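The next block holds one structure in the form of structure tokens; read it before the comments.
These numbers were taken from a predicted model, which means no experiment stands behind them.
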Amino acid sequence: MPDTAPALRHVEHVMGTVFSFDIRDEPTPAIHNAVQEAVQLLHRVDTVFSTYRPDSHISRLGRGEIHLGDCPPEVHEVLALCAQATHVTDGWFSTTPAGTLDPSGLVKGWATEAASQLLHSSGAHNSCVNGGGDLQLRGQATVNSPWRVGIAHPLHPGELATVITADRTMAIATSGTAERGAHILDPHTGAPATAFAALTVIGPRLTMADAYATAAFARGRDARDWLESMDGYEALAILPNGRFWRTSGFSRYGV
């Protein structure tokens, strides 16, 4: 593992956002191959799950043109994970927040985590995979130095709300209004959720951290109590008036 500069980096524009790979292990042929495999995975996920593609499996399934049995295995996996997230969040995570099938609140985290796992299996044990601002981290940034991730302040462009130190394998997912406006919907009313300017959830795996960040953002006022009850997850919330709160264990990782 190098002491200073990253050994291998790659940026890919896919799924309507930017994915980046930052690998701090010596780049072996196996790791190079894994990066290409991960890129192919992300493009396949876009083809299968994009709600902006009328010919994607998820779009056709949502319109009733095909059945679940006609879809590839990853659709079954993702929808099962979505059902799990819906149950755990008391319905605040939904695959139909606007009345049509849309598992986007989990898919990006799931794809990012899957790409990270491909790298890890190839021997890249110190890596950061960033999927549009949601991260799956493994190992260390350099020898004896953990990953440190700045979280952008949603109300003050160019400023950081906090810096998170990852002392283990960790996922960081942020839901907010800064980039896409009020795009997260209350699944019970269909109205935009407006209780937060941004909400960051940290946990062990990005699939569920991403879903929980979406659900907590939609949940609004009682999100803090719910997040406090979730073992292994911590959160930072920034309110539209600039005030903020943290769950009780967040200070272990961020200021």
Side-chain angles (χ1 to χ4, degrees), residues 14-17 41-114 131-134 171 173-201 203 205-223 225-227 229-230 233 235 237:
V14 61
M15 296 175 63
T17 189
L41 166 72
L42 296 175
H43 282 280
R44 174 169 171 75
V45 169
D46 192 29
T47 299
V48 171
F49 289 100
S50 174
T51 57
Y52 297 99
R53 295 180 178 227
D55 61 340
S56 72
H57 286 85
I58 212 69
S59 293
R60 295 174 64 202
L61 182 64
R63 293 194 301 267
E65 297 174 1
I66 60 175
H67 300 288
L68 186 57
D70 301 317
C71 296
E74 53 261 46
V75 175
H76 297 246
E77 179 182 350
V78 162
L79 292 184
L81 289 167
C82 287
Q84 177 184 339
T86 299
H87 174 73
V88 172
T89 63
D90 305 316
W92 287 100
F93 178 88
S94 173
T95 56
T96 56
T100 57
L101 182 61
D102 182 2
S104 301
L106 181 141
V107 166
K108 182 159 65 71
W110 171 80
T112 305
E113 184 183 336
D134 295 331
T174 299
S175 293
T177 60
E179 298 294 328
R180 297 172 56 192
H183 67 287
I184 297 174
L185 304 180
D186 179 329
H188 303 294
T189 66
T194 58
F196 302 112
L199 191 146
T200 295
V201 171
R205 297 177 54 187
L206 189 54
T207 299
M208 285 305 171
D210 190 15
Y212 294 167
T214 300
F217 195 100
R219 194 174 193 123
R221 193 170 303 174
D222 68 340
D225 289 340
W226 175 71
L227 286 163
S229 74
M230 297 297 294
Y233 293 86

Subject >> Atom pair CG/CZ of Leu61 and Phe49 - distance to nearest 0.5 Å >> reply: 10.0 Å
Subject >> Distance, nearest 0.5 Å, that separates OG of Ser94 from CG of Leu106 >> reply: 12.0 Å
Original post:
How close do Leu199 and Ala237 get, heavy atom to heavy atom, and via which atoms?
Top reply: CD1-CB, 4.1 Å
**OP:** State the CG-OG1 distance between Leu101 and Thr96, to the nearest 0.5 angstrom.
**Re:** 7.5 Å
Original post:
How far apart are the closest heavy atoms of Ala85 and Met208, and which atoms are they?
Top reply: CB-SD, 4.1 Å
Original post:
Which atom pair, heavy atoms only, marks the closest approach of Ser50 to Ile58?
Top reply: O-CG2, 3.9 Å
**OP:** For residues Gly131 and Thr112, report the shortest heavy-atom separation together with the two atoms involved.
**Re:** CA-OG1, 3.7 Å
Subject >> Distance-minimising heavy-atom pair for Ser56 and Val48 >> reply: CB-O, 3.5 Å
Original post:
Could you walk me through whether Val201 and Met230 pass the side chain to side chain contact (heavy atoms under 4.5 Å, CB included) check?
Top reply: CA-CA 11 Å; Val201 171; Met230 297 297 294; over 6 Å; no
Subject >> Whether Glu113 side chain and Arg205 backbone form a donor-acceptor pair below 3.5 Å >> reply: no
Original post:
So how far is it from Thr207 OG1 to Glu77 CD, rounded to the nearest 0.5 Å?
Top reply: 8.0 Å
Subject >> Polar side-chain atom of Ser59 near backbone of Asp55 as donor-acceptor pair, under 3.5 Å >> reply: no
Original post:
With side chains defined as the heavy atoms from C-beta onward, is the minimum distance between Arg219 and Leu227 less than 4.5 Å?
Top reply: no
Original post:
Of Tyr233, Tyr212, Phe217, which meets ring-ring contact (aromatic ring centres under 6.0 Å, His included) against Trp226?
Top reply: Tyr212
Original post:
For Phe93, does its backbone N or O pair with a side-chain atom of Thr86 as donor and acceptor, under 3.5 Å?
Top reply: yes
Original post:
Can you name the nearest heavy-atom pair linking Arg44 to Pro72, along with the distance?
Top reply: NH2-CB, 3.3 Å
Original post:
Is there a side-chain contact between Glu74 and His57 (heavy atoms, below 4.5 Å)?
Top reply: no
Original post:
Is there side-chain contact between Leu42 and Val14, with at least one heavy-atom pair below 4.5 Å?
Top reply: yes
Original post:
Atom OG1 of Thr17 and atom CG of Asp46: how far apart are they, to the nearest 0.5 Å?
Top reply: 11.0 Å
**OP:** Could you tell me whether the side chain of His76 and the main chain of Leu68 form a donor-acceptor pair under 3.5 Å?
**Re:** yes
**OP:** Give, for atom OG1 of Thr174 and atom CG of Asp210, the distance between the pair rounded to the nearest 0.5 Å.
**Re:** 9.5 Å
Original post:
Does some side-chain heavy atom of Trp110 sit less than 4.5 Å from a side-chain heavy atom of Leu206?
Top reply: no
